[in-house]
Amino acid sequence: MRKLTVRAAVTFCAAVSLATVMGTADAAPVTAPRSAHTLAQESMQPPVPTQPVIVDCSFQPRVEPGDFVLACGDGNSRLTSLRWSRWDAGSAVAQGVNVVNDCKPYCAAGTFRAYPVTVRLDRPQAWKKNPQMSQYTRLRLVYTDTKPAGYTQTVAYPLSN
């Protein structure tokens, strides 16, 4: 008798589960199958920016970043607190701080010092990694107060393309 009760309970639970699944499937909205074209469009990258980008050390395109590493190899020079007043098809301008390691007595024991700068980006060109995008290829720093030892008042850096 106990076998019959267990079998009946298992059968009943299976029937209820099946009815629940079927009811859920019946309640699901009917949608048209997606075409290969639609699936391809959904898997595409985000929209391409219409304005130039600056490419960071990880080869990621960025627009109006708040910070930017200049010395990708060791991180001993970076831009922080960037406030962009212009970012368009021809150039970009920001105020910020260049934080530079003085490397005294050597870089691992050096001190990071902050220098206010005006940052200018220009010379946009097609980005080799993604020719649909334009990237700024020159970055210029103008030190607006003190500057690191050995630096000129204006320093230009080519940005990799």
Side-chain angles (χ1 to χ4, degrees), residues 20-21 24-161:
T20 302
V21 170
T24 303
D26 288 341
V30 177
T31 58
R34 294 182 296 186
S35 69
H37 176 72
T38 302
L39 290 172
Q41 283 182 328
E42 289 174 357
S43 67
M44 289 175 58
Q45 297 281 338
V48 174
T50 57
Q51 54 196 339
V53 299
I54 185 169
V55 179
D56 67 16
C57 293
S58 300
F59 301 103
Q60 297 301 308
R62 297 178 64 192
V63 175
E64 296 187 20
D67 61 285
F68 188 79
V69 176
L70 292 172
C72 292
D74 57 16
N76 282 327
S77 179
R78 65 184 179 273
L79 299 172
T80 63
S81 305
L82 295 173
R83 294 173 316 284
W84 298 94
S85 59
R86 176 181 180 163
W87 191 288
D88 59 37
S91 63
V93 178
Q95 299 299 316
V97 177
N98 183 203
V99 181
V100 180
N101 187 347
D102 65 11
C103 291
K104 293 180 182 176
Y106 51 92
C107 290
T111 302
F112 282 90
R113 302 192 186 278
Y115 304 93
V117 291
T118 298
V119 179
R120 298 183 192 280
L121 303 172
D122 60 11
R123 296 186 180 169
Q125 294 179 5
W127 183 22
K128 290 179 183 175
K129 182 177 176 185
N130 184 348
Q132 296 172 344
M133 295 177 90
S134 176
Q135 80 163 116
Y136 294 117
T137 61
R138 181 173 65 176
L139 180 146
R140 286 183 293 157
L141 299 180
V142 177
Y143 292 95
T144 57
D145 192 6
T146 59
K147 58 186 176 41
Y151 284 50
T152 58
Q153 201 66 34
T154 300
V155 180
Y157 297 95
L159 297 172
S160 63
N161 191 0

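Since we're looking at a predicted model, the values are computed, not measured. Both backbone and side-chain heavy atoms feed into the values below; hydrogens, waters and symmetry mates do not.
Taking each heavy atom of R78 and G75 in turn, the nearest pair found is NH1-O, 3.9 Å. Of all heavy-atom pairs between R138 and A156, the closest is CD-CB, 4.4 Å. Heavy-atom minimum distance, P124 versus G90: CD-O, 3.5 Å. Heavy-atom minimum distance, C107 versus N101: O-ND2, 2.9 Å. The minimum heavy-atom distance between A114 and V97, with the atom names listed, is CB-CG1, 3.5 Å.
The structure places CZ of R123 at 14.0 Å from OG of S134, a figure rounded to the nearest 0.5 Å. With rounding to the nearest 0.5 Å, the separation of OG1 in T144 from CD in Q95 is 6.5 Å. To the nearest 0.5 angstrom, E64 atom CD is 13.0 Å from R83 atom CZ.
For the pair W84/P65, a side-chain contact is recorded, criterion being any heavy-atom separation below 4.5 Å from C-beta on. Using a 4.5 Å heavy-atom threshold, the side chains of R113 and P148 count as separate. Side-chain contact check for C103 versus N76: some heavy-atom pair is nearer than 4.5 Å.
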With side-chain contact (heavy atoms from CB on, under 4.5 Å) as the criterion, how do V69 and D56 come out once you've worked through the C-alpha distance, each side chain's angles and the decisive distance to 0.1 Å? CA-CA 7 Å; V69 176; D56 67 16; over 6 Å; no
Kindly determine whether L141 and L79 satisfy side-chain contact (heavy atoms from CB on, under 4.5 Å), including the steps that lead there. CA-CA 10 Å; L141 299 180; L79 299 172; 3.7 Å; yes
Test L159 against I54 for side-chain contact (heavy atoms from CB on, under 4.5 Å), laying out the working first. CA-CA 8 Å; L159 297 172; I54 185 169; 4.1 Å; yes
Just do the side-chain contact (heavy atoms from CB on, under 4.5 Å) check on K147 and V100 with the steps written out, would you? CA-CA 10 Å; K147 58 186 176 41; V100 180; over 6 Å; no
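D122 and R120 are not joined by a salt bridge, as no carboxylate oxygen comes within less than 4.0 angstrom of a charged side-chain nitrogen.
Under 3.5 Å, the side chains of R140 and T154 contain no donor-acceptor pair of N or O atoms.
Between Y136 and W87, the distance from one ring center to the other falls under 6.0 angstrom.
For the pair D145 (side chain) and P116 (backbone), a donor-acceptor distance under 3.5 Å is absent.
Considering Y115, Y151, Y143 in turn, Y143 is the only one that fulfils the side-chain hydrogen bond (donor to acceptor under 3.5 Å, both in side chains) rule with N98.
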